[in-house]
Engineer: 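Starting off with a structure, shown below.
Keep in mind that the numbers below use all heavy atoms, side chains included, and drop hydrogens, waters and symmetry copies. Keep in mind that this is a model prediction, so the values were computed, not measured. Reminder, nothing fancy here: chain letters follow the sequence lines and each chain counts from 1.
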2 protein chains.
Amino acid sequence: MSRRNTVQKSTILKNLQERCDHPSALDVYHSIKSELPQVSLATVYRNLEDLSQQGKVRKLDTLDDITRFDGNISPHSHVICSHCGAIEDIAPVNSDLMLKEAQKNSLFAIREIEFVFSGLCPNCHISN
Amino acid sequence: MSRRNTVQKSTILKNLQERCDHPSALDVYHSIKSELPQVSLATVYRNLEDLSQQGKVRKLDTLDDITRFDGNISPHSHVICSHCGAIEDIAPVNSDLMLKEAQKNSLFAIREIEFVFSGLCPNCHISN
DNA sequence: TTCATTGCAAAGGGTTTGCAGGGCG
DNA sequence: CGCCCTGCAAACCCTTTGCAATGAA
């Protein structure tokens, strides 16, 4: 795990915290290019991995196979539009009951539940 | 979507239905190699995609970036060991309430929830 | 016979890694 | 001044695709 503060790392974190969407590594890369023209994609990947291991950003488990990141680390879930892939935040749901219920029937020591809600976003809902 | 029945397709489906784990395309490929020495990985991928679109197998959304498949299409969720990646079935949970709750706070027309439980499997639990 | 499906190999797309130079502590 | 981090390019890995041959209906 990296320890040093670099311009790259802080710029990436700041970028993620300032935006309200759920960008991929490539999105972040393009987004900080104007500020750091020399930055490389590899550095973005490395720092996003670091930051997520440090708990400073969240790594999202979306339904496509692209890893997305979230600068908002307060507890909340996500809804994904099954038509266009749009992702929105959703208020945190209380999962204690569900966790207990699941634990009853499993030998695993269950620690957490990740909810991935899916449906149609307003735009796709209208046009379908 | 494919229509013809081929030895490859039925062998792949049979393999998936006979096993109790959650194999990747490559796992299935290796597993049917003895029965169909000439089969290619591409065919396995194509047929798994077909079968999942036909609803005959389930495509799993695991936490690693490998797509896994499940020959058991009855409703149930999965627990993933955060240490070794082992996957086990878990009894289906009633999500109606949670769906309604989530819908209250979202403009999306929410259609379904995917639960991904994670924790430690018995083996990793003991040795940690 | 027709044309969907196959096997093969090459391409694709996201992510990771080796390396030498650069810069944080 | 040591060595972590960067940029670059190449490597990786899973998955998809183009194409000619094959085989199901």
Side-chain angles (χ1 to χ4, degrees), chain A residues 1-16 21-54 56-70 80 84-87 116, chain B residues 1-16 21-54 56-70 80 84-85 87:
Chain A
M1 177 122 61
S2 23
R3 276 150 281 178
R4 291 187 181 165
N5 270 334
T6 60
V7 188
Q8 290 85 343
K9 175 171 296 176
S10 59
T11 304
I12 289 168
L13 178 56
K14 181 165 61 66
N15 180 268
L16 217 39
D21 56 350
H22 308 84
S24 65
L26 192 62
D27 293 335
V28 173
Y29 170 72
H30 285 136
S31 176
I32 64 175
K33 260 289 181 180
S34 54
E35 201 167 336
L36 293 177
Q38 293 307 316
V39 79
S40 77
L41 228 201
T43 297
V44 174
Y45 273 105
R46 283 187 279 234
N47 279 303
L48 285 173
E49 182 60 36
D50 271 2
L51 290 168
S52 94
Q53 284 193 18
Q54 291 177 11
K56 294 185 179 171
V57 309
R58 250 173 90 182
K59 212 171 178 174
L60 299 189
D61 186 33
T62 62
L63 297 175
D64 54 32
D65 40 11
I66 300 175
T67 303
R68 298 181 174 282
F69 297 86
D70 194 341
I80 302 177
C84 72
I87 303 177
V116 184
Chain B
M1 178 122 58
S2 24
R3 277 148 280 180
R4 291 182 181 170
N5 270 332
T6 62
V7 189
Q8 289 86 343
K9 175 172 297 177
S10 58
T11 304
I12 289 167
L13 178 56
K14 182 166 61 67
N15 180 268
L16 217 39
D21 56 349
H22 309 85
S24 65
L26 192 63
D27 294 334
V28 173
Y29 170 73
H30 285 136
S31 176
I32 63 174
K33 260 289 181 182
S34 53
E35 200 168 337
L36 294 177
Q38 294 306 317
V39 79
S40 78
L41 227 202
T43 297
V44 174
Y45 273 105
R46 282 187 280 235
N47 279 304
L48 285 172
E49 182 59 36
D50 272 1
L51 291 167
S52 94
Q53 284 194 17
Q54 290 177 13
K56 293 184 178 172
V57 309
R58 249 173 90 181
K59 212 171 180 176
L60 299 188
D61 186 33
T62 62
L63 297 175
D64 53 32
D65 40 10
I66 299 175
T67 303
R68 299 183 173 281
F69 297 86
D70 194 341
I80 303 176
C84 73
I87 303 177

Engineer: Is the distance from OP1 or OP2 of C:dG7 to the nearest side-chain N or O of B:Gln8 less than 4.0 Å?
Structural biologist: yes
Engineer: So, under a plain 3.5 Å distance rule, would you say the side chain of A:Arg4 forms a donor-acceptor pair with the base of D:dC5?
Structural biologist: no
Engineer: Where the side chain of B:Ala42 is defined as all heavy atoms beyond and including C-beta, which of D:dG7, C:dC8, C:dT5 is the nearest nucleotide?
Structural biologist: C:dC8
Engineer: Search all heavy atoms of A:Gln8 against all heavy atoms of A:Leu36 and return the closest pair with its distance.
Structural biologist: CA-CD1, 3.8 Å
Engineer: OP1 or OP2 of C:dT16 sitting under 4.0 Å from any side-chain N/O of A:Tyr45?
Structural biologist: no
Engineer: Can you tell me if B:Gln38 touches the phosphate of C:dC8, counting only side-chain N or O atoms and a distance under 4.0 Å to OP1 or OP2?
Structural biologist: yes
Engineer: Output the single nucleotide from D:dT15, C:dG7, D:dC8 whose closest atom is nearest the side chain of B:Arg46.
Structural biologist: C:dG7
Engineer: A:Asn47 side chain N/O closer than 4.0 Å to the phosphate oxygens (OP1, OP2) of D:dT6?
Structural biologist: yes
Engineer: I want to check something: taking the side chain as every heavy atom from C-beta on, are A:Lys56 and A:Lys9 in contact at a cut-off of under 4.5 Å?
Structural biologist: no
Engineer: Quick one: is C:dT6 close enough that its OP1 or OP2 comes under 4.0 Å of any side-chain N or O from B:Thr6?
Structural biologist: yes
Engineer: Toward the 5' end of DNA chain D, which comes first, B:Val7 or B:Lys59, by nearest nucleotide?
Structural biologist: B:Lys59
Engineer: Quick one, A:Phe69 with A:Arg58, criterion side-chain contact (heavy atoms from CB on, under 4.5 Å). Give me CA distance, side-chain angles, the key distance, then yes/no.
Structural biologist: CA-CA 6 Å; A:Phe69 297 86; A:Arg58 250 173 90 182; over 6 Å; no
Engineer: Under 4.0 Å, heavy atoms only, any strand: does A:Thr67 hit a base, just the sugar-phosphate, or nothing?
Structural biologist: sugar-phosphate
Engineer: Which is true for B:Leu26 with a 4.0 Å heavy-atom rule: it touches a base, it touches only sugar-phosphate, or it touches nothing?
Structural biologist: nothing
Engineer: Keeping A:Asn15 on the side-chain end and A:Ile12 on the backbone end, is there a donor-acceptor pair under 3.5 Å?
Structural biologist: no
